[in-house]
2 protein chains.
Amino acid sequence: MTGTERTWSITELAEEFGITLRTIRFYEEQGLLTPARNGTRRIFADGDRVRLGLVLRGKRLGFPLDEIKKIIGMYDAEPGEVGQLRYLLDQIEQRRAELEMRRRDIDATLSDLADLERRCRADLERLSV
Amino acid sequence: MTGTERTWSITELAEEFGITLRTIRFYEEQGLLTPARNGTRRIFADGDRVRLGLVLRGKRLGFPLDEIKKIIGMYDAEPGEVGQLRYLLDQIEQRRAELEMRRRDIDATLSDLADLERRCRADLERLSV
DNA sequence: CTTGACGCTTACGTTAACGTAAGTTTGGGC
DNA sequence: GCCCAAACTTACGTTAACGTAAGCGTCAAG
């Protein structure tokens with residue numbers, strides 16, 4: 001019996017993640033979250049909280065919500081049959097390729113910024129001496 | 001006299017980058033591009049082409065256009081005075097922090113995908129033996 | 001029992017980033 | 001001189017991802 005049965009209210013999660021109630025409700029509406037209910041009130045369990053974290057991580061990466069939904073959906077897919085597994089592996093490969101391209105873009109941009117910074121510092125040097 | 005004075009038409013650039021004419025015109029409207037004109041027709045020089053590449057890289061990273069505008073604006077800022085340079089260095093630092101966070105997010109996601117792939121392959125193994 | 005604080009459900013408004021006509025110009029080839 | 005492909009300029013439409021009321025339910029505290 002793992003005693004870690006803590007739950008969260010919608011405001012608690014919103015404050016923790018720095019988002020609004022509307023956003024959380026919207027994510028549920030879009031099928032990204034499926035919190036339990038106590039009457040009409042939403043009750044968020046540990047799994048819901050983790051999923052919300054994944055959604056926000058996807059957002060920080062600039063993915064649209066329906067893409068994020070697919071990615072997260074991959075995580076909690078049941079083993080299933082061989083065809084499903086092959087399809088899933090294919091999807092994983094696609095996401096990986098996408099993410100690696102993004103990393104290349106990031107590295108290129110960081111490199112550009114580094115160049116720019118060098119030039120800036122050189123200019124400062126010239127002006128201050 | 002560098003003889004590399006080649007120019008491009010709007011359709012040429014659109015085809016090269018796989019975007020529409022509308023998109024290019026929209027970017028100009030937003031001040032992201034400022035091609036020369038021959039009468040009413042847009043003439044794109046080498047610099048315009050590079051800028052367009054930077055815009056699209058920013059888009060792949062999921063940045064909004066006005067953010068992209070600021071970042072690109074940093075690249076071709078004239079040396080200027082000391083205050084400007086300090087401000088620019090500060091901006092560079094902010095972008096860098098943002099980009100490094102994104103890279104961490106990417107690495108975390110790639111790691112999750114790798115886990116998932118291992119599980120998939122294990123499941124496939126069990127089913128096929 | 002009433003009063004907040006918290007939560008809920010419509011439902012219309014908003015912004016970004018183009019899409020999509022619709023009608024007009026223009027420069028080069030026959 | 002005529003024509004067509006390539007461009008151009010309005011200008012309204014669209015989608016995603018929430019924002020922003022407005023109005024109602026509820027339950028623990030005073």
**Asked** Given atom CD of B:Q30 and atom C1' of C:dA16, what is their separation to the nearest angstrom?
**Response** 9 Å

**Prompt:** For A:R103, what residues pass the side-chain hydrogen bond (donor to acceptor under 3.5 Å, both in side chains) criterion, not counting sequence neighbours?
**Reply:** B:D107

**Request:** Report the residues that fulfil side-chain hydrogen bond (donor to acceptor under 3.5 Å, both in side chains) with A:R60, sequence neighbours left out, ordered by chain and then residue number.
**Result:** B:D105

**Fill in**
side-chain hydrogen bond (donor to acceptor under 3.5 Å, both in side chains) filter on A:D76, not counting sequence neighbours, yields A:R51

**Message:** So, using side chain to side chain contact (heavy atoms under 4.5 Å, CB included) as the criterion, who are the partners of A:R118 when residues are at least two apart?
**Reply:** A:A114, A:D115

**Item:** 5′-ward residue of the pair B:T40/B:F63 relative to DNA chain C
**Value:** B:F63

**Asked** Just how far, in rounded Å, is P of C:dA17 from CD1 of B:I19?
**Response** 14 Å

**Message:** Are B:Y87 and B:V82 packed together at the side-chain level, in the sense that at least one heavy-atom pair is separated by less than 4.5 angstrom?
**Reply:** no

Compile the donor-acceptor pairs under 3.5 Å between side chains in residues 61-73 of chain B and protein atoms, sequence neighbours left out, one pair per line.
| residue | atom | partner | partner atom | Å |
| --- | --- | --- | --- | --- |
| B:E67 | OE1 | B:R95 | NH1 | 2.8 |
| B:E67 | OE2 | B:R95 | NH1 | 2.7 |
| B:K69 | NZ | B:Q30 | O | 3.2 |

Below 3.5 Å between N/O atoms, which protein atoms pair up with nucleotides 2-6 of chain C? Just atom names and distances, please.
| residue | atom | partner | partner atom | Å |
| --- | --- | --- | --- | --- |
| C:dC6 | O2 | A:R41 | NH2 | 3.3 |

**Message:** From CD1 of B:I24 over to P of D:dA7, roughly how many Å is that when rounded to an integer?
**Reply:** 10 Å

**Message:** Run A:R121 and A:E117 through salt bridge (Lys or Arg N to Asp or Glu O under 4.0 Å) and show every step you take.
**Reply:** CA-CA 6 Å; A:R121 295 204 185 283; A:E117 183 179 356; 2.8 Å; yes

Table of protein N/O atoms under 3.5 Å from nucleotides 18-20 of chain D N/O atoms:
| residue | atom | partner | partner atom | Å |
| --- | --- | --- | --- | --- |
| D:dC18 | OP1 | A:K59 | NZ | 3.4 |
| D:dC18 | OP2 | A:Y27 | OH | 2.7 |
| D:dC18 | OP2 | A:K59 | NZ | 3.2 |
| D:dG19 | OP2 | A:T20 | OG1 | 2.8 |
| D:dG19 | N7 | A:R22 | NE | 3.2 |
| D:dG19 | O6 | A:R22 | NH2 | 3.0 |
| D:dT20 | O4 | A:R22 | NE | 3.2 |

**Request:** Mind calculating the distance between CD1 (A:I43) and C1' (C:dG7) to the nearest angstrom?
**Result:** 11 Å

**Item:** Integer-rounded Å distance: C:dA17 P and B:L56 CG
**Value:** 13 Å

**Item:** Qualifying residues under side-chain hydrogen bond (donor to acceptor under 3.5 Å, both in side chains), relative to B:T11, sequence neighbours excluded
**Value:** B:S9

**Prompt:** Looking for any heavy atom pair under 4.0 Å, which part of the strands does B:R42 touch: base, sugar-phosphate only, or nothing?
**Reply:** sugar-phosphate

**Request:** Round to a whole Å and report the spacing from CG of B:D66 to C1' of C:dA16.
**Result:** 9 Å

**Prompt:** Can you name the salt bridge (charged side-chain N to carboxylate O under 4.0 Å, His left out) partners of A:R102, sequence neighbours left out?
**Reply:** A:E98

**Distance, rounded to the nearest Å, where B:E29 contributes CD and C:dA17 contributes P** = 12 Å

**Asked** Atom CG of A:L61 and atom C1' of D:dA17: how far apart are they, to the nearest Å?
**Response** 17 Å

**Message:** Check this one for me: any side-chain N or O of B:R25 less than 4.0 Å away from OP1 or OP2 of D:dT10?
**Reply:** no

